[in-house]
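Encoded as structure tokens, the structure appears first; notes follow it.
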2 protein chains.
Amino acid sequence: MTVLSSSDQTRVRLLEAAREVFSQCGFQGATVREICRRADANVAAVNYHFGSKDGLLAEALNFSALKALQSANIAADHCPEMRLRLFIKSFMLLLLDENGASRQCQMMAREMADPTPALDKIVSEAIAPLHEFLAKLIREIIGAGADEAEVRRCVYSLIGQCVFYRNSHPVLQRLRPELRYDEQEIEAIAVHIADFTLAALRIKKPAGNVSVVEQL
Amino acid sequence: MTVLSSSDQTRVRLLEAAREVFSQCGFQGATVREICRRADANVAAVNYHFGSKDGLLAEALNFSALKALQSANIAADHCPEMRLRLFIKSFMLLLLDENGASRQCQMMAREMADPTPALDKIVSEAIAPLHEFLAKLIREIIGAGADEAEVRRCVYSLIGQCVFYRNSHPVLQRLRPELRYDEQEIEAIAVHIADFTLAALRIKKPAGNVSVVEQL
DNA sequence: CAACATATCAAACGCTTGTTTGAAAGTAAA
DNA sequence: TTTACTTTCAAACAAGCGTTTGATATGTTG
């Protein structure tokens, strides 16, 4: 068992607080003072431990949850359609879980709209692999002969549907104040996106015909 | 012919510059000084003419283009499916046109991610009507008996696909540096989203069966 | 213990932000 | 021209930002 030194304790508290504030307010909106307040640390602590606000963001970013999701999905012994369903379900849980054990995806979703100094790292280390993973999965569904641009746009259609619920949360909250992202709601959303996407992908298959079995 | 007084000239220059900067940088990122610089006006001009930065945003917002799009669509003498195609095409033009005669939609797209004091107005005057318009159109396509929650999620799927290209532009630019939103690209995107969405909607029809004719 | 490196802290720094001020310039009617 | 009102402007203001500083604790090592 490794023991945390006093400085390490402050570090992890800062990182945790940073993920909280960054995911809620975005990089611009978040202030070093607010992060330090939640971490019960002095204002100077951020620059002492991470050099700068940028450095804190870079270290706060962590794509392990997203990568684990993909690894588990590849390892799963299911047909491509079912693997797409599983991906969407777990991806939406990462994006919408309000208890937020994993705020990393929410931070990423924020970065997408407002570029920050860390966007390059996010794109190359997390988003690009994610897109490739989905492109491969979609290609398994619609057939290997599919046009590259078409596959890419299908990936965009899928991701667009998913991140919409996170990016437009302030809007949706105003449209339907009773909205809560509990487990049932997230499940229902995931099922809808999966049904919607699979139906759209089905007619992209080269043959273009739909078996009755697949529709059930 | 109405003549603009000197003060009116400054007003319109400020509004134009504000739409430019707000749509590019967001409300938080935009600075009064930058807006005034582009409008060739003094820093104090914003507060003199609009009271505050918030007031400038409120007056800069203008939903006429979005409303005109919906009116024209309702008036068009086409089947629901074709009207959906037309909507997507013109909506994507509003969202992606880089020459940006109409930056209003781009401003709205920005507000969705980062709530500002003006979001309530945007939601009630522009977004809510847009969602209702789309819900009605989708109901015409999949049949009146459709579940309300299901229709709503279809609307989200459609809008999510559309705004993705705008909200994630910084990311897509890094993934594919050669990307340009010229007229051909926008047309191709619109066709994809329409095909994708109509295919997904088709299996939501009560009967659940797909005629061969519709697939062509 | 003494000596050293590490970590914390209150305070301040330099800068940018939105906003205000009071004087100057412009405009229009009497 | 005089008067009254509107619009512009340079300058400053107060507040918030990320960051730095130098002193003070804290912990570790010889």
Side-chain angles (χ1 to χ4, degrees), chain A residues 1-61 107 110-111 114-119, chain B residues 1-61 107 110-111 114-119:
Chain A
M1 171 182 174
T2 60
V3 185
L4 292 180
S5 76
S6 116
S7 84
D8 283 340
Q9 287 185 33
T10 321
R11 270 184 66 94
V12 301
R13 283 206 319 277
L14 279 172
L15 286 170
E16 196 47 47
R19 294 195 183 99
E20 214 178 284
V21 180
F22 282 146
S23 67
Q24 283 177 7
C25 314
F27 182 74
Q28 270 194 116
T31 72
V32 171
R33 281 173 175 81
E34 171 64 15
I35 292 171
C36 291
R37 199 189 57 75
R38 294 204 201 184
D40 231 334
N42 187 274
V43 221
V46 162
N47 289 276
Y48 177 76
H49 286 283
F50 303 97
S52 67
K53 188 185 178 186
D54 285 14
L56 175 59
L57 172 66
E59 290 215 38
L61 285 171
M107 288 176 63
R110 274 216 157 269
E111 302 290 321
D114 251 316
T116 78
L119 184 57
Chain B
M1 171 183 173
T2 60
V3 185
L4 293 180
S5 75
S6 111
S7 84
D8 284 340
Q9 288 184 33
T10 319
R11 270 185 67 94
V12 302
R13 284 206 318 276
L14 280 172
L15 285 171
E16 195 48 45
R19 295 196 183 99
E20 215 178 283
V21 181
F22 282 147
S23 67
Q24 285 177 7
C25 314
F27 182 74
Q28 269 195 117
T31 71
V32 172
R33 281 172 173 80
E34 172 64 13
I35 292 171
C36 290
R37 200 189 56 77
R38 293 203 201 185
D40 231 334
N42 188 276
V43 219
V46 162
N47 289 274
Y48 177 77
H49 286 283
F50 304 97
S52 67
K53 187 185 178 186
D54 286 14
L56 175 59
L57 173 65
E59 289 215 40
L61 284 171
M107 288 175 63
R110 274 214 158 270
E111 303 290 321
D114 251 315
T116 79
L119 184 58

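Chain naming here is simple, since letters A, B, ... match the order of the sequence lines and numbering starts at 1 in each. All figures in this text were calculated on a predicted structure; none of them were measured in a lab.
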In this structure, how many angstroms lie between the [atom2] atom of [N] and the [atom1] atom of [X], rounded?
{"X": "A:R11", "N": "C:dA7", "atom1": "CZ", "atom2": "C1'", "value": "13 Å"}
{"X": "A:K53", "N": "C:dC15", "atom1": "NZ", "atom2": "C1'", "value": "14 Å"}
{"X": "B:L14", "N": "C:dT19", "atom1": "CG", "atom2": "P", "value": "13 Å"}
{"X": "A:L57", "N": "D:dT19", "atom1": "CG", "atom2": "P", "value": "12 Å"}
{"X": "B:Q9", "N": "C:dT27", "atom1": "CD", "atom2": "P", "value": "10 Å"}
{"X": "B:F50", "N": "D:dT8", "atom1": "CZ", "atom2": "P", "value": "11 Å"}
{"X": "A:R37", "N": "D:dC17", "atom1": "CZ", "atom2": "C1'", "value": "17 Å"}
{"X": "B:D40", "N": "D:dT8", "atom1": "CG", "atom2": "P", "value": "12 Å"}

*Looking at CD of B:E16 and CD1 of B:I35, how far apart are the two atoms once the value is rounded to the nearest 0.5 Å?*
11.5 Å
*Looking at CZ of B:R11 and CG of B:L56, how far apart are the two atoms once the value is rounded to the nearest 0.5 Å?*
9.5 Å
*Partner residues of B:T116 under the side-chain contact (heavy atoms from CB on, under 4.5 Å) criterion, sequence neighbours left out*: B:F27, B:L57, B:E111, B:A118
*Just jot down the side-chain contact (heavy atoms from CB on, under 4.5 Å) partners of B:A45, sequence neighbours excluded, or say none.*
B:L14, B:A41, B:H49
*How does DNA chain D look in dot-bracket form if you count Watson-Crick and G-U pairs under 3.5 Å, write [ ] for pairs that cross, and put | where a base pairs with another strand?*
||||||||||||||||||||||||||||.|
*Using a heavy-atom distance cut-off of less than 4.0 Å, which residues of residues 24-32 of chain A contact DNA chain C?*
none
*Which parts of nucleotides 20-25 of chain C does protein reach within less than 4.0 Å, heavy atoms only, written one letter per nucleotide 5' to 3' as B for base, S for sugar-phosphate only and - for none?*
BB----
*Mark yes or no for whether B:R38, through its side chain, and B:A17, through its backbone, hold a donor-acceptor pair below 3.5 Å.*
no
*Quick one: does A:K53's side chain have a donor or acceptor within less than 3.5 Å of a partner on A:V46's backbone?*
no
*Is the closest side-chain heavy-atom distance between A:Y48 and A:T10 below 4.5 Å?*
no
_Least distance between heavy atoms, B:A60 atom then B:M107 atom_ = CB-CE, 4.3 Å
*asked:* Does C:dA7 have its OP1 or OP2 closer than 4.0 Å to a side-chain nitrogen or oxygen of A:T10?
replied: no
*Are any of B:H49's side-chain N or O atoms less than 4.0 Å away from OP1 or OP2 of D:dT8?*
yes
*Do B:R33 side-chain and C:dG18 base share a donor-acceptor contact under 3.5 Å?*
yes
_Both B:A41 and A:V46 contact DNA chain D. Which one's nearest nucleotide lies toward the 5' end?_
B:A41
*Taking only residues two or more places apart in sequence, or in another chain, which ones meet A:R37 in a side chain to side chain donor-acceptor pair (under 3.5 Å)?*
A:E34
_Derivation and outcome, side chain to side chain contact (heavy atoms under 4.5 Å, CB included), residues B:F22 and B:L61_ = CA-CA 10 Å; B:F22 282 147; B:L61 284 171; over 6 Å; no
